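Worksheet for the structure shown next.
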Amino acid sequence: MKKVTEGLKAVAESVALCRPDVISAYPITPQTHIVEELAQIVADGKLKCEFINVESEFSAASTVLGASAAGARAYTATSSQGLLLMMEVLYNMAGMRLPVVITDANRAVSAPINIWSDWQDAITVRDAGLIMMYAEDNQDCCDMHYQAFKIAEDPEVQLPVMVNMDGFILTHAFDPIDFPSQADIDKYLPKFKPLDFLSANNPRSFGLMGGPDRYLETRYAMAETFKSITPVILKAADDFKKMFGRYSGGMIEEYRMEDAETVLVSMGSTISDLKEAVDTMREKGKKIGVLKIRILRPYPAAEIKQALSRCKRVICVEKAISLGGPGILAAELKSAIYSNANKPEVSNFIIGLGGRDVKQDHIFELVEKAEKGVCETEFIGLDMKLVEEMDK
Amino acid sequence: MKEVRLHGRGGQGVVTAAELMASAAFFDGKETQAFPTFGSERMGAPVASFVRISEKKIRIRSQIYEPDYVIVQDPTLIGSVDVFAGLKQGGLILINTEKKPEELKLKPGFNVKTIPATKIAIEILGRPIPNTVMLGAFAGLTGLVTMDGIKKAMQQRFKAELVEKNMQAVERTFSMLKN
Amino acid sequence: MTTQTAENVKLFNSGHTACAGCGLALAARLVLQATGPKVIVVNATGCLEVFTTRSPQTAWGIPWIHSLFENQAAVATGVEAALRALGRGDEARVIAWGGDGASADIGFGGISGMWERYDDVLYICYDNEAYMNTGIQRSGLTPFKGHTSTSPAGKVSLGNMKQKKNIPAIAVAHGLPYVATATVAYPKDLERKVKKAMEVRGPRYLQILVPCPLGWGHATSDTISMSKLAVETGLNPLFEYIDGKLATAMTVKQKPVEEYLKPQSRFKHLFRDAAGAEQIKLIQEIANSNFAKFKVEAVK
Amino acid sequence: MVAKRAKNILIGNPGTSLANKTGSWRVFMPVYDKTKCTACGMCSMMCPDGCVHGDKIKKYDPDYDYCKGCGVCAKVCPVKCITMKEEQK
């Protein structure tokens, strides 16, 4: 069924279709409508599920960790400070190989306190061992959730998956969303069958201490797992297409890159704005395209290397920053293309932090700048008057 | 693509109005997108919401700076908020007031229409919530969304008895300002 | 030679790496003897977790999970919710287990949340009165004037400045149907309280005083006698609150606190001079007020 | 093919600690005088390592594979039938 729905409510409805056994979350802007809507769905008896109110995001993550360890399909959602409060649990969840699905409404991290969108929150936990997906629009975001459970619970994977959606820009936008039927989702995503779980009938110990003699091997095993997740992600999308007719998948997506000399690289909803700008620039004869990073972990290095083997110039457009370090997407991207025979020049720009609107003119401006010479972590869209006044 | 900006105060249903308009356009077979001001505003504070309606898939996610249409749900906002900001020359602005456009003494160059939406809302709905009333007037004026679309949008969003009353209001204002 | 066979695996097994004379290792075995096998234990980071589960070995014979230092309560909530959601409610009851640091300090917020939610979880705090796992640092349950590595006795200090945080009272204030204290010197009392706690539905709290020869500085063979003296002096009264009312309090002949303090090196600075003697008087007052509060018969 | 899930590192099978013979830690060993033992079971109940086994008929013995020699049993024995003797190694 297709209808116009707010992004967060659409996610809540999609998650409900996946029939989680246990949901635990704590309200935080701009994620809150997900938990509110799920609480209502459970309260209305439309979903048989334990909905647990907790006293913090830390406990929300811990509760779904416990539920998953006991064999339940478990879900939580958060944002920004909440995600950072969960961070210790996220590492633990991944290390214990628990297939929890988490939605992050991407939001800036304080200080200054700011409820608006950027990617800093999720980027900060990117090394925890989560599979990280970035939604371009709300249909993509809903489809990602059905696939996220399937990927997380795959016997070859058994890892938490985080679906990222830009705060406000996607979370609070109303768009037409196509929802699958419950019967079809039940077919696509059968009941969760955990491989190992806490049970009095098989009384094993979970979460053992791994000393210097064993810890290295556990991390090696996780690294090896991440090497073989890509086919699982691709298959989840292929199976989805077979069943629902639309393809929402891929590690990356190339847009108008056939003959592109310049390629804009980014993630999330920014991709839509870049595509719009690229269409305009193409009309003016510029050979330019967009490369979408849809999956940040496992990092699609081989796909990116291949996709960027022909262009002259790459421009990373980033909504997060490693203070004192290089552009985050740019650094990873450079490492991916290092062995390419024809290395393009790589510029990167910081835009849209803390919800600063990304206008089409900003995109034209940064392309123009990069064409004049390589730019390193340059800010676009700054209010220079405010900058000058800041320390007066 | 047509872009609409709706002005109101927190609690007046300005986001719901945008949602309904987008949903109506969707039922009319158009591509659509709606979103609120991404703010931390509280009840009573000036707020805005936005709608895009197009024949083609809408990709752009930036805010709306040059709307084709502006709807002002609360006339007390005029003066404190620049409701004309970015409005295209000759663009339509629909204001909820019992006054006639010429009585408002607004800046020239725009197509100003007025409707006593709050009065009609109290009459028909029994509550001073002008959002659906204004939606009817807007549809009549612009033809951007149809009565059928609005009805389907309401049926999806509201309970049956609410749909009936709101549709009465919409039908009244639709014909009042229909070109 | 004992080797691992299906027959000799118990609920809590030998071969763990607790210190010789560890009161906690004893408590763990006694608790599980009382609960039987139909439990799932969620264990906070701490001595108990470390000495029982160094990969690939585990001393536990019941299903057990360790996640973090401060999330045992919320993980227990999740396990309990999952059992309910999956229709496995009859399979096992859930026990969350943490030390005094995990319970009174870093994990306390989560415990308060779990109590407020009224989850069907027995929370056991094993109280050895400091962070023993990391080398004897002060916790919220370190006793008044006790020396630890972060509340050291020195030229101008006589040890920990604060009295123990009263977690049982806080538990009662949360409206718990069952709150009790126990210690290893009284295994029958401990067993009875665990069994009683398992009969009750909803959140329950059991605080077990477990002497730590390393941290308290007493002979490994004195674990039981220290545990007993803690009760006999009145410094660690044993009681039960059922539905918010004091239901039982153990009756003992009161002994002077010196008998308990003297054999422990963590209190040796109190026996040096007059200043220490003054502090012992204050400790005696704490013991006396406990006696009065719990209506324990003081024998003159 | 690598063992990607590292299952036998992350998950422990019940009672596997029995493979760890902590008896090697012992400096003093408890020696039981069964002529005095009344088989009350106090030593068994109070052993922090849970390694004193027996019954009313056979009376009690420590399992020296695991006994760390803490001396709790000797201290709690009501008839003082256990003495701690220096370990002969």
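Treat the numbers as computed from the prediction; the structure is a model and nothing was measured.
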field: Full working for side chain to side chain contact (heavy atoms under 4.5 Å, CB included) between D:His53 and D:Tyr60
entry: CA-CA 6 Å; D:His53 308 295; D:Tyr60 288 84; 5.8 Å; no

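In this structure, chain D has heavy atoms under 4.5 Å from both the backbone and the side chain of C:Thr17. For a residue to count as touching a neighbouring chain, one of its non-hydrogen atoms must lie under 4.5 Å from one of that chain's; by this rule D:Asn8 touches chain C with the backbone only. For a residue to count as touching a neighbouring chain, one of its non-hydrogen atoms must lie under 4.5 Å from one of that chain's; by this rule C:Leu30 touches chain D with the side chain only. Using a 4.5 Å cut-off between heavy atoms, C:Lys228 does not touch chain D at all. With a 4.5 Å cut-off on non-hydrogen atoms, C:Ala27 does not touch chain D at all.
Checking C:Gln72 against C:Tyr123 by side-chain atom types alone, a donor-acceptor pair falls below 3.5 Å. Using a 3.5 Å distance cut-off with no hydrogens or angles, the side chains of C:His66 and C:Thr45 do pair a donor with an acceptor.
Put simply, the side chain of C:His16 reaches to within 4.5 Å of the side chain of D:Asp49, judged on heavy atoms. In this structure, the side chains of C:Glu129 and C:Leu209 come closer than 4.5 Å at one or more pairs of heavy atoms. Residues C:Ile224 and C:Leu26 have side chains in contact (heavy-atom distance under 4.5 Å, counting atoms from C-beta outward). Looking only at side-chain heavy atoms (C-beta outward), C:Met132 and C:Trp216 come within less than 4.5 Å of each other.
Residue-level contacts of residues 68-84 of chain D with chain C, in order of numbering, are D:Lys68, D:Cys70, D:Gly71, D:Val72, D:Lys75, D:Val76; threshold 4.5 Å between heavy atoms.
Ranked by heavy-atom pairs under 4.5 Å with chain D, the list C:Ala219, C:Pro187, C:Pro213 is led by C:Pro187. With respect to chain D, the highest number of heavy-atom pairs below 4.5 Å among C:Val184, C:Asp222, C:Leu11, C:Thr53 belongs to C:Asp222. Comparing C:Ala28, C:Ala25, C:Ser14 by heavy-atom pairs within less than 4.5 Å of chain D, the highest count is held by C:Ser14. Annotation: maximal heavy-atom pairing with chain D below 4.5 Å, among C:Thr223, C:Thr52, C:Asn13, occurs at C:Asn13.
Between C:Glu199 and C:Lys195 there is no salt bridge, since no side-chain nitrogen of the basic residue lies less than 4.0 Å from a carboxylate oxygen of the acidic one.
The aromatic rings of C:Trp97 and C:Trp60 sit perpendicular to each other, their planes meeting at more than 60°, with 30° as the lower class boundary.
Although no hydrogens or angles enter the test, the distance criterion places no donor-acceptor pair under 3.5 Å between the side chain of C:Thr181 and the main chain of C:Gln207.
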